[in-house]
There are 2 protein chains.
Amino acid sequence: MHGEVAPGASMTLRGIGKDYDVSMTPAREAVRRLVAEGALSMSLSGRVSTPVLTNERVEELAALRSLLEVELASRALPRAHMALIDRLQSINGTVSENVAKGDPSGYIRTNLEFHRTLYLRAQAPAILAMAETVWLQLGPTMQALYGKMRRAEPPHFHRLIIAALKAGDEPGLRLAVRSDVTQGLKRLTD
Amino acid sequence: MHGEVAPGASMTLRGIGKDYDVSMTPAREAVRRLVAEGALSMSLSGRVSTPVLTNERVEELAALRSLLEVELASRALPRAHMALIDRLQSINGTVSENVAKGDPSGYIRTNLEFHRTLYLRAQAPAILAMAETVWLQLGPTMQALYGKMRRAEPPHFHRLIIAALKAGDEPGLRLAVRSDVTQGLKRLTD
DNA sequence: CATAGGTCAATGTGATCACAAATTCCGGCA
DNA sequence: TGCCGGAATTTGTGATCACATTGACCTATG
């Protein structure tokens, strides 16, 4: 999810087991779960690797992020008090730090933390779980994206999100979330 | 998914294995996958059962169906030719038969086949997979719903969907799909 | 008769093993 | 030098086992 492993990286059951000091059995169960969630792909022979996403797939996942996260933000809006907004601003500072540091994995992690913190207020665990599944599928590919980014951009749309939350502006919030989610992924399909 | 097992039904690894003439290992992997997809729930002790959904959860899943399936229908619309519409009408006939027969599981199965046939035209496998995950989570509860239905209602909204497809009416299609998806689930939360 | 305590069966977990399939690697041939 | 083929290693699958824990049943007691 955090883009710590590159797209197309392959792994073996025995290797995973050795890494975590367990036998093949728990490694197999973890892998099967991640395959079910789309975070890993399995060849017909059972070999497992991180998926290499086609442009069409990335476009779909971006559309899913947009659909789900706009809904989550919209549901969170009426419950978003000042304490939450302060928290979001603080996280946003950490995001900027990671941008400055040039740490792609840290950037992805704190960026997702920003979104998750907001969406937790939506009190919609099933929808949030789906959104996290999408994040999981995009993880490896996101790393490739932010590795390619020439200029590290500050979290512009995050500020729009915070502003819309403060103003209680629902259409503005929906647009800001959609823009933030779509922005980076757009570049990925070029 | 087809509502063949009631909500809250519990099952054991050895029991599943015996049913399908395999050992515990494949049963465990299947169960873990279904748990990851939300189709089964697992207690802290590892016991597995079909989930009993709260009203809030049903509302969430209905919202997810609405979001995802409206998008899928919208993407399928430009690609929907006459052959597809004929196919949908044929499936719709089978749906009516199952309604008349009073076969809840058959009704759910053919109803989902109607939706899947339309959505396959959207050429969006990731979104369709998410929608099917939602169907999976709703399966057992759907059975409880259609078991409670006094009067078996004909697939009214399906006809609206077909009409909108014929007319190329996108707003009408979106509304028809949203209504069809929401209709039954609304009654479930009372 | 109800309830609490204790015993026993049932269940999930993780490890290990045998086996088949596939991938890789290496040598030989064109 | 490039490509093909076979052998050996790697890898996933399914089965079985030991063990700890949980849940259920049964009995005894108030």
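A note on names: the letters A, B, ... follow the listed sequences, proteins ahead of strands, and every chain is numbered from 1. Model, not experiment: these values are computed from the prediction. All values below were derived from every heavy atom in this structure, side-chain atoms included, with hydrogens, water molecules and symmetry-related copies excluded.
For the OP1/OP2 pair of C/dA15 and a distance below 4.0 Å, the side-chain nitrogens and oxygens of A/Ser23 include at least one atom meeting the criterion. The side chain of B/Arg32 contributes an N or O atom lying less than 4.0 Å from OP1 or OP2 of C/dT13. When the side-chain nitrogen and oxygen atoms of B/Ser45 are compared with OP1 and OP2 of D/dG23, one or more of them lie within a distance under 4.0 Å.
Taking atom OH on B/Tyr20 and atom P on D/dG14, their separation rounds to 15 Å, with Å as the unit. Distance CD (B/Glu29) to C1' (C/dG14): 13 Å, rounded to an integer number of Å. Whole-Å rounding puts the B/Leu13 CG to D/dT16 C1' distance at 14 Å. Across the protein-nucleic acid pair, B/Met24 atom CE and C/dT13 atom C1' stand 8 Å apart, rounded to whole Å. Whole-Å rounding puts the B/Asp21 CG to D/dG14 P distance at 14 Å. Put simply, CE on A/Met11 is 13 Å from P on D/dT11, counting in whole angstrom units. We find that CZ of B/Arg14 is positioned 14 Å from P of C/dA9, with the value rounded to whole Å. The separation between A/Met42 atom CE and C/dA22 atom C1' is 15 Å, rounded to whole Å.
For the 3.5 Å distance criterion, the side chains of A/His158 and A/Asn111 qualify, holding a donor opposite an acceptor. Side-chain contact annotation: B/Asp180 with B/His115, donor-acceptor N/O pair under 3.5 Å present. Side chain to side chain, A/Arg47 and A/Ser10 fail the donor-acceptor criterion of an N or O pair below 3.5 Å.
A salt bridge is absent between A/Glu97 and A/Lys101; no separation between the charged side-chain nitrogens and carboxylate oxygens falls under 4.0 Å. For the pair A/Arg109 and A/Glu113, the salt-bridge criterion is not met [side-chain N within less than 4.0 Å of a carboxylate O].
Under 3.5 Å, the side chain of B/Arg28 and the base of C/dG14 form at least one donor-acceptor pair of N or O atoms. For A/Arg47 against D/dG12, a side-chain-to-base donor-acceptor contact under 3.5 Å is absent.
Among the atoms of the strands shown, base atoms are found under 4.0 Å from some heavy atom of B/Thr25. Within the 4.0 angstrom heavy-atom criterion, only backbone atoms of the sugar-phosphate kind lie near A/Val22; the bases stay farther away.
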